[in-house]
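So the structure is just underneath, and the comments pick up after that.
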Amino acid sequence: MTAQGSGSARATRQKRQQLIVDHVLAQGDATVAELTELTGVSLMTVHRDIAELADRGILRKYHGGVSAQPSTVFESSSDFRLHAHSDEKGALAREALGFLTPGMSLMLDDSTTALALAKLLPQVGPLTVVTNYRLITEELRAADDIRLILVGGEYSRTHDSWIGLSALEMIKSFSVDVTVVSTSAMTSEMTFHQEQEIVAIKRAMRGAGALSVLLMDHSKVGRSALHRLDPVASFDHVVLTGPVDETVLADMRKQTDVRLVTT
């Protein structure tokens, strides 16, 4: 198979698996026969898709079917997040590019929204980029104008990033011009994440930046998660995609600079 053919097959598989995930998350569970009819592929192909999604921790297999993992699992999975709201993440990244100028130092968290921004950074260079996300290091390691600093620590397969006490201490040792982060949920006054350890990492990153920018697609607005992260007012800029409730938007704008972008 040619490289182009391989890439096309991979994209088709990703779309099919996303369809399976969306269906299972909406229904709670599904049988193999149901997913075969949904996707229009063979029973064997569906079994392979289910096995791969289960190995990645996104879905959970049982005899004859598949069920959704608890929300704390699939919302944390880097693989799941990579294929969700990609157009909105691109729009957020393009807006965030306006906060950067050549010569700056920048810290990026392990969000896939920050990854979308990382893909645009060679347009701005030279820049110094600090991150704990493996996919960002892969994206930027060959960029000539990017000085890349990796935050080390305990590797998390779920997040595909380095976390833990060592990572936290290293993040606190930096002082960068701009920090860009995203998180799982927010209300008009507070941001949230479902994992305590990730909350600590994101808080430290925000504190390491002279300027902090929060990027959030509209699906995360008006929601909460188990752990409080930081007040909306603690971010210098909040960039959102619409639609966002006008009352929520007005409340946020009383606290900080809020920018609404379209995809």
Side-chain angles (χ1 to χ4, degrees), residues 57 70-82 89 92-93 96 99-100 104-118 121 127-141 146-187 189-216 220 223-239 256:
S71 61
T72 54
V73 176
F74 68 76
E75 287 182 0
S76 295
S77 166
S78 175
D79 286 332
F80 175 79
R81 291 182 284 118
L82 276 172
K89 291 170 185 174
L92 292 168
F99 296 112
L100 307 177
M104 277 186 165
S105 56
L106 170 67
M107 185 174 288
L108 299 176
D109 70 353
D110 62 358
S111 65
T112 51
T113 308
L115 175 61
L117 174 59
L121 294 182
L127 293 168
T128 296
V129 178
V130 183
T131 188
N132 68 328
Y133 195 12
R134 184 188 66 83
L135 292 181
I136 290 180
T137 66
E138 289 295 317
E139 184 67 35
L140 295 177
R141 65 189 178 90
I146 303 294
R147 179 189 179 200
L148 190 57
I149 300 175
L150 174 63
V151 172
E154 178 185 351
Y155 177 69
S156 165
R157 290 181 178 84
T158 299
H159 303 90
D160 203 2
S161 64
W162 285 268
I163 59 176
L165 185 60
S166 298
L168 193 60
E169 291 302 316
M170 187 172 179
I171 290 166
K172 289 179 178 179
S173 73
F174 288 106
S175 177
V176 297
D177 295 312
V178 182
T179 293
V180 178
V181 301
S182 185
T183 190
S184 302
M186 71 182 301
T187 62
E189 296 184 349
M190 181 62 62
T191 62
F192 302 85
H193 197 277
Q194 62 272 12
E195 293 173 90
Q196 186 173 355
E197 194 168 33
I198 302 302
V199 166
I201 293 287
K202 290 180 186 289
R203 276 182 185 163
M205 285 187 163
R206 185 191 62 77
L211 189 77
S212 58
V213 181
L214 176 68
L215 306 181
M216 300 285 278
K220 301 174 178 180
R223 296 176 53 196
S224 63
L226 182 59
H227 298 287
R228 291 172 177 253
L229 173 54
D230 278 319
V232 169
S234 66
F235 294 93
D236 297 297
H237 303 281
V238 175
V239 185
T256 189

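- Side chain of S212 to backbone of T179: no donor-acceptor contact under 3.5 angstrom is found.
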Can K220 and T183 be said to form a side-chain contact (heavy atoms from CB on, under 4.5 Å), step by step? CA-CA 8 Å; K220 301 174 178 180; T183 190; over 6 Å; no

Working for side-chain contact (heavy atoms from CB on, under 4.5 Å), residues V181 and R206: CA-CA 8 Å; V181 301; R206 185 191 62 77; 5.6 Å; no

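- The side-chain heavy atoms of V151 and I201, taken from C-beta on, include no pair separated by under 4.5 Å.
- Residue pairs satisfying the salt bridge (charged side-chain N to carboxylate O under 4.0 Å, His left out) criterion with at least one member in residues 173-186, sequence neighbours excluded, are absent.
- A donor-acceptor distance shorter than 3.5 angstrom exists from the side chain of N132 to the backbone of W162, with no hydrogens or angles considered.
- Atoms CE and CE, on M107 and M205 in that order, are 5.5 Å from each other to the nearest 0.5 Å.
- If you take CD1 on I146 and OG1 on T137, they are separated by 13.0 Å, rounding to the nearest 0.5 Å.
- L100 is listed as a side-chain neighbour of V178, based on a closest heavy-atom distance under 4.5 Å.
- With values rounded to the nearest 0.5 angstrom, R223 atom CZ is found 7.0 Å from S184 atom OG.
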Audit row: I149, M170, side-chain contact (heavy atoms from CB on, under 4.5 Å) steps and yes/no: CA-CA 11 Å; I149 300 175; M170 187 172 179; 4.3 Å; yes

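- Side chain of T256 to main chain of D236: a donor-acceptor pair is present (N/O by atom type, distance under 3.5 Å, no hydrogens or angles).
- Looking at heavy atoms from C-beta onward, S182 lies in side-chain contact with M216 at the 4.5 angstrom threshold.
- A donor-acceptor pair under 3.5 Å links the side-chain atoms of T191 to the main chain of D230, judged by distance alone.
- Without hydrogens or angle criteria, D110 side chain to D160 main chain gives no donor-acceptor distance under 3.5 Å.
- Atom NE2 of H237 is separated from atom CG of L211 by 4.5 Å, given to the nearest 0.5 angstrom.
- Here the CG atom belonging to L229 is positioned 12.0 Å from the CD atom belonging to Q196, to the nearest 0.5 angstrom.
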